[in-house]
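Throughout, a chain's letter reflects where its sequence line sits, starting with A, and its residues are numbered from 1. Everything quoted here is computed from the prediction, not taken from an experiment.
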Amino acid sequence: MIQEFLGFRRPDGSVGVRNDLLILSTTGLTGPVARRIGKALPEAKVITTPYGSGVVGDDGALRDRMLLGFACHPNVGAVLLLSGKQPEAEEYRDQIAATGRPVELLLLDLNNQDSLRLTDTGIRAGARLLRQLSRESRSPAPISELFLAAECGRSDPSSGLAANPLVGHVADRVVALGGRFVAGETMEWFGAEHFLNRRAASPEIAEAIRNALARRMDHAKSAGIDLIGNNPGPTNIAGGLTTLEEKSLGAIHKSGSSPIVGVLAHGQRPSGPGCWLMDQPFYAPESLSGLSAAGAQIVLFTTGPGNSYCSLLAPTIKISANVETCANLPEQIDFDASGILLGMVSKEEATDRLITHILETASGASTFGEILLEGEEVVTRIGASL
Amino acid sequence: MENIPQKVIVQDWSDSIGVALVPIWAGEVLNIKIGTETRTVRIQNDIPRYHKFAVIDLPGGAEVLKNGEVIGRLLRETKIGEHVHTHNLTGLTMK
């Protein structure tokens, strides 16, 4: 079995599985210009946020972390930065340049507030960056250079029985070989506390897991949402799930069984190898963007009945063990894991096949989400604007 | 046998339950792969798709393992082949 992939080595030591030009607009004012440049340069990826100014405190820190996380993502080879906020944008540019990535800053203030002139300048600068990126080539990298993330969206019984445990086996294999793995979606830990507590590498990490969950539970409670009284719900029970532990373990098994080496904030980059948890929102657009801003090169996304949404920067491999879903959504499901439930493949064979699929994707094979342009990134808000 | 899709799955060798992948009827006798061994189980109740049944005799109060992890405690004695659900299994952390 192959144990390496072909990636793009970055000056900051990371390895990209793509070599993207990112057009990043950090203010609402420059969003339309960024999208216009993106239309002229269809190879480039565009991320915009309407929240440029007046984002303060923890909310401001989160915005900085996510925007810089996208800009310095291993899969991003160069950045075209657009902004209507000069001092902040210059600070971003300097931080991106410090990673060794080519970066060009385009400011409305230095272009006479003229969005058309900014568009023209941007298309020209972007074209030069794309040409530069096209001259770079891939080189072999070991599995220890992989940073994978797990996500699930729309689950059914096949998820907990096969797809999530399969991703967990891959997580264990990658971590054992020195790679990084992250699972988020804090609300999913509810009911699996005993399992996560046992896996925490230190008492401090166990406490961080408990605290992260308690904060989300309090937040739900203050919004009048009762998560304890009716969980699993009637649909879960009719579907065969009996206890909360059973439901939660079915989800959290996608992080495998390795020791948990830390709890990351939303979008925070891990400081070393191992299996990490990320304290973050539960639902796919926000949660995927947190994993991507943290620098995950590839997302393993399990689904029961199907889910087309992807990360823009991290190729998102859709995995289903539901035989009907794999048959009905052949241009969405990248990896068919239904053989596990049909008894056609063993856990070990399925794990080997998925790792091979991941290494092929890391080396340049496209996911359906990339081909069909299903990806986006969003910056989460946690406070009110000024 | 090899080419017939399996009717049940036991995820881990240590598990006390299996999960029906198709509806199974009371009285059916299944040869179930559990880790490296094959165990013969006579199903005692009708088991809907994705519902659980015991693959060993379990005393009341026993912890039930699925995919190698505890998912709850039995409210009463449960025999091999019996349906395991809300009538005889309860969670540990929440009531």
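- Closest non-hydrogen pair, A/P165 versus B/Q11, comes out as CG-NE2, 3.7 Å.
- Closest non-hydrogen pair, A/T242 versus B/L89, comes out as CG2-O, 3.7 Å.
- With a 4.5 Å cut-off on non-hydrogen atoms, A/L249 touches chain B through its side chain but not through its backbone.
- The 12-atom threshold is not exceeded at NE2 of A/H219, counting heavy atoms of other residues, nucleotides or ligands nearer than 6.0 Å.
- With rounding to the nearest 0.5 Å, the separation of CG in A/N236 from OH in B/Y50 is 14.0 Å.
- If you tally non-hydrogen atom pairs under 4.5 Å between each of A/G339, A/A192, A/S158, A/P157 and chain B, the highest count goes to A/P157.
- At a 4.5 Å heavy-atom cutoff, A/K247 makes no contact with chain B through either its backbone or its side chain.
- When every heavy atom of A/H194 is checked against every heavy atom of B/V70, the shortest pair comes out as NE2-O, 3.6 Å.
- With a 4.5 Å cut-off on non-hydrogen atoms, A/A238 touches chain B through its backbone but not through its side chain.
- Under the 3.5 Å distance criterion, the side-chain polar atoms of B/H85 are matched with a main-chain donor or acceptor of A/I237.
- Interface remark: B/V8 contributes no atoms to any contact with chain A (heavy atom separation under 4.5 Å).
- Once rounded to the nearest 0.5 Å, the distance linking CD1 of A/I340 with CD1 of B/I9 reads 7.5 Å.
- At least one donor-acceptor pair closer than 3.5 Å links the side chain of A/T243 to the backbone N or O of B/I71.
- Interatomic distance, CZ of A/F195 versus CG of B/N67, reported as 8.0 Å (0.5 Å rounding).
- Residue A/Y283 qualifies as open at atom OH: its count of foreign heavy atoms under 6.0 Å is 12 or below.
- The main-chain N or O of A/E245 is never found under 3.5 Å from a side-chain atom of B/E69 such that the two would form a donor-acceptor pair.
- Summarising the local packing, NZ of A/K347 is surrounded by more than 12 heavy atoms from other residues, nucleotides or ligands at distances under 6.0 Å.
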### Query
Step by step, would you call A/L342 with B/L21 a side-chain contact (heavy atoms from CB on, under 4.5 Å)?
CA-CA 9 Å; A/L342 297 171; B/L21 298 173; over 6 Å; no
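- In this structure, B/R39 places its CZ atom where more than 12 heavy-atom neighbours from other residues, nucleotides or ligands lie under 6.0 Å away.
- Panel note: side chain B/K66, backbone A/E246; no donor-acceptor pair is recorded below 3.5 Å.
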